[in-house]
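Note: hydrogens, waters and symmetry copies are ignored here, and every other heavy atom, side chains too, is used. Residue numbers run from 1 in the order of the sequence given. When a ligand or atom number is given, it counts from 1 through the structure's own listing order.
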Amino acid sequence: MAIKKVGVVGCGLMGAGIAQVTAEAGYPVVIREVEQAFLDRGLGMIEKNWARAVEKGKLTAEARAKAAANLRGTLSLEDLRDCDLVIEAIIENIEEKKKLFAALDRICPPETILASNTSSLTVIEMAMATGRPDRVCGLHFFNPVPVMKLVEVVRTVRTSEGTFRTAYEFARSVGKEPVAAKDNSGFIVNLLLVPYLLDAIRAVEAGVASVEDIDKGMKLGCGHPMGPLTLLDFVGLDTTSYIANIMFEEYREKRYAPPPLLRKMVQAGFFGKKSGRGFYDYSGPEPKVADLGL
Ligand code: 3HC
């Protein structure tokens, strides 16, 4: 099946990134948010990325104008009715996602593929909220979407071969490297990444080393672009906590259990970079290790 028009639901960090790369690849994209302020913020992020890319000579002014013309924001889900592929990137909450998939199933033609960008929920639950589970799959992008090359293409037990192939080729067509994953919570990357990030928090709790030295250790010792505590601030401590709770519910294994320090930081409103404070304090010109009260 040829994808001609793409819908994205959710204009947060992930949704905006997905809409950006899809519009750049030449697809008409409609991105939907629930509130004008959220839509404006997401579209503003995309505009900023494009302006920076033009400044750096990575994108021509003409290509930017073409990409911008491909992108349209909306507050109405009905505006996604003529999309061949809709990618959901809303909050990591199964009830909200099931409601959305059921609504998309009513609005979109039966051949439209519905995909979820979930990081930790199983896609089958969303698929079964629709009357077309064979046309539902996962398309899991990574943050920051314009930079990270990977997309996990997730096949449930009900996903048809045609849907999987189309989704896989779509990921390629937007300049990403797809990998095939089964519908297990966390797929490939988060299955391995989440316990690692939680272990880094446990190392802080246990006083193994300072926040800076744990980060430095993994950057210089393993060649990671960011240490785990910087990465936690980058992904968001609230998001990590959501994901860890979902994976813990699924597997009932200690390695996915959110450590008390993570829970306390989220309760305190320290969500990482986006809230100005997490393991680091971002209020100054350079991030500084925050007081964790340990
Ligand atoms: N949007 C667009 N472009 C961005 C960007 C963003 N948010 N952040 C950085 N970039 C671009 C920069 O403009 C720069 O482009 P250039 O090479 O053309 O100049 C390039 O990326 C490198 O950026 P910087 O020089 O500013 O900084 P770094 O070299 O440190 O790279 C990074 C930044 C790409 C974020 C790098 O630190 C990195 O790869 N970090 C790890 C990210 C990671 O692990 N992501 C996965 C998170 S897990 C996930 O998403 C799964 C989910 O389910 C939780």
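When hydrogens are left out, the protein atom nearest atom 49 (C) of ligand 1 is F142 CD2, 3.5 Å; that is the closest non-hydrogen contact. Nearest protein neighbour of atom 45 (N) of ligand 1, counting heavy atoms only, is N143 O, 2.8 Å. The protein heavy atom nearest to atom 9 (C) of ligand 1 is V147 CG2, 4.1 Å. Atom 7 (N) of ligand 1 has P144 CB, 3.4 Å as its closest protein atom, hydrogens excluded (heavy atom only). Given atom 36 (C) of ligand 1, the protein heavy atom at minimum distance is P225 CB, 4.0 Å.
Surrounding CD of E177 are at most 12 heavy atoms belonging to other residues, nucleotides or ligands under 6.0 Å away.
Using cut-offs of 30° and 60° for the angle between ring planes, the Y196 and H224 rings count as perpendicular.
In terms of modelled atom types and a separation under 3.5 Å, the side chain of N190 and the main chain of S119 share a donor-acceptor contact. Checking side-chain atoms of S185 against main-chain N and O of S120 turns up a donor-acceptor pair under 3.5 Å. When atom types are taken as modelled, the side chain of R132 and the backbone of P109 share a donor-acceptor pair closer than 3.5 angstrom.
Within ligand 1, counting atoms from 1 as listed, the ones closer than 4.0 Å to a heavy atom of L193 are 48 (S). Those atoms of ligand 1 with a heavy atom of S119 less than 4.0 angstrom away are 53 (O). Atoms of ligand 1 found under 4.0 Å from any heavy atom of K58 (numbered from 1 in listed order, with element): 16 (P), 17 (O), 18 (O).
Within the 4.0 angstrom cut-off, atom 27 (O) of ligand 1 has no protein heavy-atom neighbours. Not a single protein heavy atom sits closer than 4.0 Å to atom 20 (C) of ligand 1. The nearest protein heavy atom to atom 40 (N) of ligand 1 is closer than 4.0 Å. In this structure, atom 33 (C) of ligand 1 has its sub-4.0 angstrom surroundings free of protein heavy atoms. Remark: atom 51 (C) of ligand 1 lies closer than 4.0 Å to at least one protein heavy atom. Within the 4.0 Å cut-off (strictly below), no protein heavy atom is located near atom 30 (O) of ligand 1.
Looking at heavy atoms from C-beta onward, T240 lies out of side-chain contact with I201 at the 4.5 angstrom threshold. Residues Q20 and V29 form no side-chain contact, since every pair of their non-hydrogen atoms from C-beta on lies 4.5 Å or further apart. In this structure, the side chains of D215 and Y280 come closer than 4.5 Å at one or more pairs of heavy atoms. In this structure, T163 and V136 have side chains that are not in contact, with every pair of non-hydrogen atoms separated by 4.5 Å or more.
Taking each heavy atom of S173 and A25 in turn, the nearest pair found is O-CB, 3.5 Å.
Of all the heavy atoms of L231, the ones lying under 4.0 Å from any atom of ligand 1 belong exclusively to the side chain. Contacts between N49 and ligand 1, counted as non-hydrogen atom pairs separated by less than 4.0 Å, involve the side chain only. Residue contacts with ligand 1, taken as heavy atom pairs separated by less than 4.0 Å, involve N190 solely via side-chain atoms from C-beta onward.
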For F170 and V153: C-alpha separation, side-chain torsions, deciding distance, then whether side-chain contact (heavy atoms from CB on, under 4.5 Å) applies. CA-CA 10 Å; F170 168 77; V153 185; over 6 Å; no

Step by step, would you call K48 with M45 a side-chain contact (heavy atoms from CB on, under 4.5 Å)? CA-CA 5 Å; K48 228 164 96 182; M45 249 170 354; 5.7 Å; no

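Atom 15 (O) of ligand 1 has its nearest heavy-atom neighbour, among M148, E92, H224, K56, in K56. Checking Q20, M226, H140, E152 against atom 53 (O) of ligand 1, the nearest heavy atom belongs to H140.
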